[in-house]
J.: 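The structure is given below, and queries will be raised subsequently.
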2 protein chains.
Amino acid sequence: METKKNDLSKCFDLPSLCPVFNIRAASRIITQLFDEILKPSGLQSTQFAVLVGVHIFDTPSINKLAKGLVMDRTTLTRGLKPLENEGLIKIVSGDDKRIRFVKLTPKGKTALEKTLPYWEKARSVVSDEFGQKHLDGLLKDLASVREIKN
Amino acid sequence: METKKNDLSKCFDLPSLCPVFNIRAASRIITQLFDEILKPSGLQSTQFAVLVGVHIFDTPSINKLAKGLVMDRTTLTRGLKPLENEGLIKIVSGDDKRIRFVKLTPKGKTALEKTLPYWEKARSVVSDEFGQKHLDGLLKDLASVREIKN
DNA sequence: TAATTATAGGTGTGTATACACCTATTACAT
DNA sequence: ATGTAATAGGTGTATACACACCTATAATTA
């Protein structure tokens with residue numbers, strides 16, 4: 001008889017064709033590479049991205065910053081703590097007492113300037129490792145993953 | 001005079017050409033999508049991947065499993081705890097007292113079988129959202145990111 | 001065989017992630 | 001004006017992540 005068994009042979013497809021496995025593994029590797037190179041700056045990849053977001057969105061609310069960084073709001077809340085403790089950002093209120101704005105301090109601005117060269121270095125390492133054209137394609141694909149959310 | 005100012009205009013390049021920002025954001029989105037679809041199975045994406053790894057590497061040591069899943073060993077150690085508590089895996093020792101093998105229990109095997117259809121569903125959603133060909137290319141790129149580590 | 005080195009793995013700490021649930025404030029409708 | 005919606009944000013909890021550092025056991029070598 002032909003057994004319709006829900007067997008486990010499909011498991012062997014995971015390394016080659018599972019999106020979540022592949023993207024998480026790649027994410028870990030890229031993050032480690034960047035964190036290693038950013039180390040002398042004192043910032044981690046995510047913290048750097050948050051500071052950049054605070055700069056380019058120009059003292060945004062928590063919500064706006066979270067949206068801009070494609071992060072969960074509550075994740076961002078926790079992530080802001082160490083930056084605030086280090087004095088790199090300051091949380092300020094306005095007229096609407098619900099809203100809290102994230103402001104880059106002078107110290108935060110300095111940290112950002114100091115980190116940018118390491119960021120460029122890390123990018124060039126990835127680019128060398130990967131090929132500029134290849135990397136451009138990957139970045140475009142990753143950006144389009146963000147579209148799924150909408 | 002020409003000021004060589006290390007200004008912050010480069011910050012605006014982050015969304016379009018920062019590998020770590022893009023891959024982390026994409027990773028969060030894909031993970032949320034999978035976790036949402038896997039939810040009825042009771043497993044999260046990472047836990048599913050660990051169980052798959054335990055199956056395909058056939059009762060591996062912690063180290064072998066970590067390497068196979070491209071994970072840090074200590075991350076894996078913590079991640080095994082909930083699976084052990086749920087009785088999906090069992091940690092066993094052999095002759096070499098240093099080595100601990102991760103074994104799939106019958107309950108773990110059942111959980112894996114139960115989860116596979118949800119995994120296929122999630123893959124098809126990503127594939128539809130993304131286009132099969134496009135996705136294949138992305139997966140190949142992500143797999144080649146893993147090569148950086150070597 | 002005793003000292004050394006290599007291997008396997010766990011723990012402390014701190015950050016990253018996000019769901020479920022909560023409060024406070026503002027805007028809106030009756 | 002008052003009750004209700006919508007909006008902004010924080011907290012509890014649990015997992016994910018990984019570096020630095022530790023112990024235990026096995027393998028190697030002097």
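Just so it is clear, the values below take in all heavy atoms, side chains as well, and ignore hydrogens, waters and symmetry mates. Small disclaimer: the values here were computed from a predicted structure and weren't measured.
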J.: Nearest heavy atom decides the nucleotide; on that basis, is A:R78 or A:S27 closer to the 5' end of DNA chain D?
T.: A:R78
J.: Look at all strands and tell whether B:R28 reaches a base, only sugar-phosphate, or nothing, counting heavy atoms closer than 4.0 Å.
T.: sugar-phosphate
J.: Name the first nucleotide and the last nucleotide along DNA chain D (5' to 3') that come under 4.0 Å of a heavy atom in chain A.
T.: D:dA6 to D:dA20
J.: According to a 4.5 Å side-chain heavy-atom criterion applied to Ile, Leu, Val, Met, Phe, Trp and Tyr, with indirect links allowed, do A:I99 and A:I89 form part of one hydrophobic cluster?
T.: no
J.: If you compare all heavy atoms of B:Y118 against all heavy atoms of B:S41, which two are closest, and at what distance to 0.1 Å?
T.: CD1-CB, 3.7 Å
J.: Whole angstrom is fine here: how far is it from CD1 in B:I62 over to P in C:dT7?
T.: 18 Å
J.: For residues 46-66 of chain A, please give each side-chain donor-acceptor pair under 3.5 Å, one per line with the distance, not counting sequence neighbours.
T.:
| unit_1 | atom_1 | unit_2 | atom_2 | d |
| --- | --- | --- | --- | --- |
| A:T46 | OG1 | B:R24 | NE | 3.4 |
| A:Q47 | OE1 | A:Q44 | N | 3.0 |
| A:S61 | OG | A:K64 | N | 3.1 |

J.: When you match A:D95 and A:G79 each to their closest nucleotide on DNA chain C, which lands nearer the 5' end?
T.: A:G79
J.: Short question: side chain of B:K109, backbone of A:L8 - any donor-acceptor pair under 3.5 Å?
T.: no
J.: Run the salt-bridge test on A:E120 and A:R123 with the 4.0 Å N-O cut-off and return the result as yes or no.
T.: yes
J.: Figure out the CG/P separation between A:N85 and C:dG14, and round it to whole Å.
T.: 11 Å
J.: Does D:dA5 fall in syn (glycosidic angle within 90° of 0) or anti?
T.: syn
J.: Scan B:K39 against the nucleic acid and name what it touches under 4.0 Å (heavy atoms): base, sugar-phosphate only, or nothing.
T.: sugar-phosphate
J.: Heavy atoms only, 4.0 Å cut-off, all strands: where does A:S61 land among base, sugar-phosphate and nothing?
T.: sugar-phosphate
J.: Hunt down the Watson-Crick or G-U wobble partner of C:dT26, both distances under 3.5 Å, from any strand shown, or write none.
T.: none
J.: May I ask you to decide if B:A25's main-chain N or O and A:R146's side chain share a donor-acceptor pair within less than 3.5 Å?
T.: no
J.: When you measure from the side chain of A:S93 to the backbone N and O of A:R100, does any donor-acceptor pair fall under 3.5 Å?
T.: no
J.: Assign each of B:P82 and B:K97 to its nearest nucleotide of DNA chain D by heavy atoms, then name whichever residue's nucleotide is nearer the 5' end.
T.: B:P82
J.: Would you say A:L104 ends up clustered with B:F12 if hydrophobic residues are merged whenever their side chains have heavy atoms under 4.5 Å apart, either directly or through other cluster members?
T.: yes
J.: Scan residues 65-75 of chain B against DNA chain C and write down, sorted by residue number, each residue with any heavy atom closer than 4.0 Å; if none is found, say none.
T.: B:R73, B:T74
J.: Is there a donor-acceptor pair under 3.5 Å between the side chain of A:T105 and the backbone N or O of A:G87?
T.: yes
J.: According to the Watson-Crick and G-U wobble definitions, with both distances under 3.5 Å, which nucleotide is paired to D:dA5?
T.: none
